[in-house]
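Before I ask anything, here is the structure I am working with.
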Amino acid sequence: MRRRAGLGAIQKHKLEQEKYKDKGNEIQENQLEQMTRQMEVFKVNLEEFATKHKNEIRKNPEFRRQFQEMCASIGVDPLSSGKGFWSVLGIGDFYYELAVQIVEVCLATNYKTGGLISLNELRTRLIKARGKGKQHQEITQDDLIRAAQKLKIFGSGFMVVPVGKGQYMVQSIPGELSMDHTAVLQQVTHSNQAFVSVGYLRRELGWEEGRAKKALDHMVDQGLAWLDLQNPSEKLYYFPSLFNACINSSN
Amino acid sequence: MSETEVEWPWQYAFPPFFTLQPHPETRSKQVSAWKSLILEYCQKNKLFIIDVREAHQLPLFHNSAINRKLDPTVVVSILSELSKSGNAGALDKAKHRWEIYWHTLEEWAAMIYDHVCDNGMQNSVLTLFELSQGEDVQDKEFAGIHTDVLIKALRVLEGERKCELILSDEEQGVKFF
């Protein structure tokens, strides 16, 4: 049977379409409303949770990390919310305080390391500087990375540079480190010695001589590396920030 | 000369410390570390004179453990830096021989004059030997001071009219006022 094809049929079809659309919108709105409500509830719960466990959050690093992750999942950044509820919590304060201490440690070691410090070393020094008065708050690498990342707002002066295998270095002098420079730092970190050479980078990374030389010379120009011309086979580039005797010295 | 144990700074074990650094900022850190190390080393070892030509015989400029030496021209440039603050002085035009003043001549002069005043020896004559090796000075910082350095310090006092040097072939002495 052939379908009717008349004005009435077209109008009817149009009407149906509109009804579907309305229904669709309605459902969507419902869902959005529900979601919004759920999020609100979740946020309120999170806030309650945070207030209730404030001390726990400040004291227990594992708790702190999980709390941060929870916040991140709903798009709340307790560090950047300085106003209202979150400021009462003092979660932000905890990280601000850390950030300030990170800057202090970096400034205190800059003159010998040239502005580069491994996160481990930073942590050791920072914990030592905090002393025991702070109710033995345990500071983890994760806390330090979060706090140090907040320092980015001051421009390129502070950067957390991942050097692989869960290790990080914190750069506290202006000047961008490119991928190549980061790769050099990775090599130095994992070579278990405080130096590399053009030859070493060619072997390990398969770089052209020019590329290796350019990267290393740049790091000398940044004050991050020292040149040793007395090695019999080739020039060595030393990094005081990764030289144990330098790291361990108190002055 | 007997070696006194020097507490070497970390840089002493850092091989590039013995290569003059090309980067100006790094170099200035390096030079200032060398300056303090030289003064500390000389003070601990009561070393008043360094001959740059023999510098490598001193562990100061030659760390045999890591097989690194500081080039004599670099030694000269660091000593020249030290001379700017009155902590060193070249003894010849070629800058081979240097006196090292871990206390500046003015500081030595003040110490000696304090000692003289404390013991009421104004208006008396002392031999240079008494001043540097005498029994009453054994516990003094300037005990064992090199005669040439002592004379230079006394010249400072002479300029302030606090003493007069008597230097003849037979005896070397000083009269304090």
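From a predicted model like this one, the values you see are computed outputs, not experimental measurements. Throughout, protein chains are lettered first and strands after them, A, B, ... in sequence-line order, and every chain is numbered starting at 1.
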Considering non-hydrogen atoms only, spot the tightest contact between B:Pro15 and A:Tyr238 and give its length.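 In this case the closest contact between B:Pro15 and A:Tyr238 is CG-OH, 3.2 Å.
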Do other residues, nucleotides or ligands put more than 12 heavy atoms under 6.0 Å from the CD atom of B:Glu25?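 Result for CD/B:Glu25: open.
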- State, to 0.1 Å, how close B:Trp10 and A:Pro240 come at their nearest heavy-atom pair, and which atoms those are.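 Closest approach of B:Trp10 to A:Pro240, heavy atoms only: CH2-CB, 4.1 Å.
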**Asked** Is atom NZ of B:Lys35 surrounded by more than 12 heavy atoms (other residues, nucleotides or ligands) closer than 6.0 Å?
**Response**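 Yes, NZ of B:Lys35 has more than 12 neighbouring heavy atoms, counting only those of other groups under 6.0 Å.
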- Query: Which atoms of B:Pro22 come close to chain A, meaning under 4.5 Å heavy atom to heavy atom: side chain ones, backbone ones, both, or neither?
  - Reply: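 It is the side chain, since no backbone atom gets that close.
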Margin query: Would you say CD of B:Gln138 has more than 12 non-hydrogen atoms from neighbouring residues, nucleotides or ligands within 6.0 angstrom?
Written below: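 Enclosed: over 12 neighbouring heavy atoms sit under 6.0 Å from CD of B:Gln138.
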Less than 4.5 Å to any heavy atom of chain B: does that hold for the side chain of A:Asn231, its backbone, both, or neither?
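The answer is both parts of A:Asn231.
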Under 4.5 Å from a heavy atom of chain A, the part of B:Gln21 involved =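 Answer is side chain: those atoms of B:Gln21 sit under 4.5 Å from chain A.
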Checklist entry - Would you find a donor on one side and an acceptor on the other, under 3.5 Å apart, between the side chain of A:Gln230 and the backbone of B:Lys69? => result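 Here the side-chain-to-backbone pair exists.
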Taking atom CD of A:Glu208 as the centre, does the number of heavy atoms from other residues, nucleotides or ligands within less than 6.0 Å exceed 12?
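For A:Glu208, atom CD is not crowded (no more than 12 foreign heavy atoms under 6.0 Å).
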Could you tell me which non-hydrogen atom of B:Thr19 sits nearest to which non-hydrogen atom of A:Leu227, and how far apart they are?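 Scanning both residues completely, I find the closest heavy atoms to be CB-O, 3.5 Å.
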For B:Arg68 and A:Asp228, which heavy atoms make the closest approach, and how far apart are they?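 Reported closest heavy-atom pair: NH2-OD2, 2.7 Å.
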* Asked: Which word best sums up how the rings of A:Trp226 and B:Phe17 line up, parallel for under 30°, tilted for 30 to 60°, or perpendicular for over 60°?
  ->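 Tilted, since the angle between the ring planes falls between 30° and 60°.
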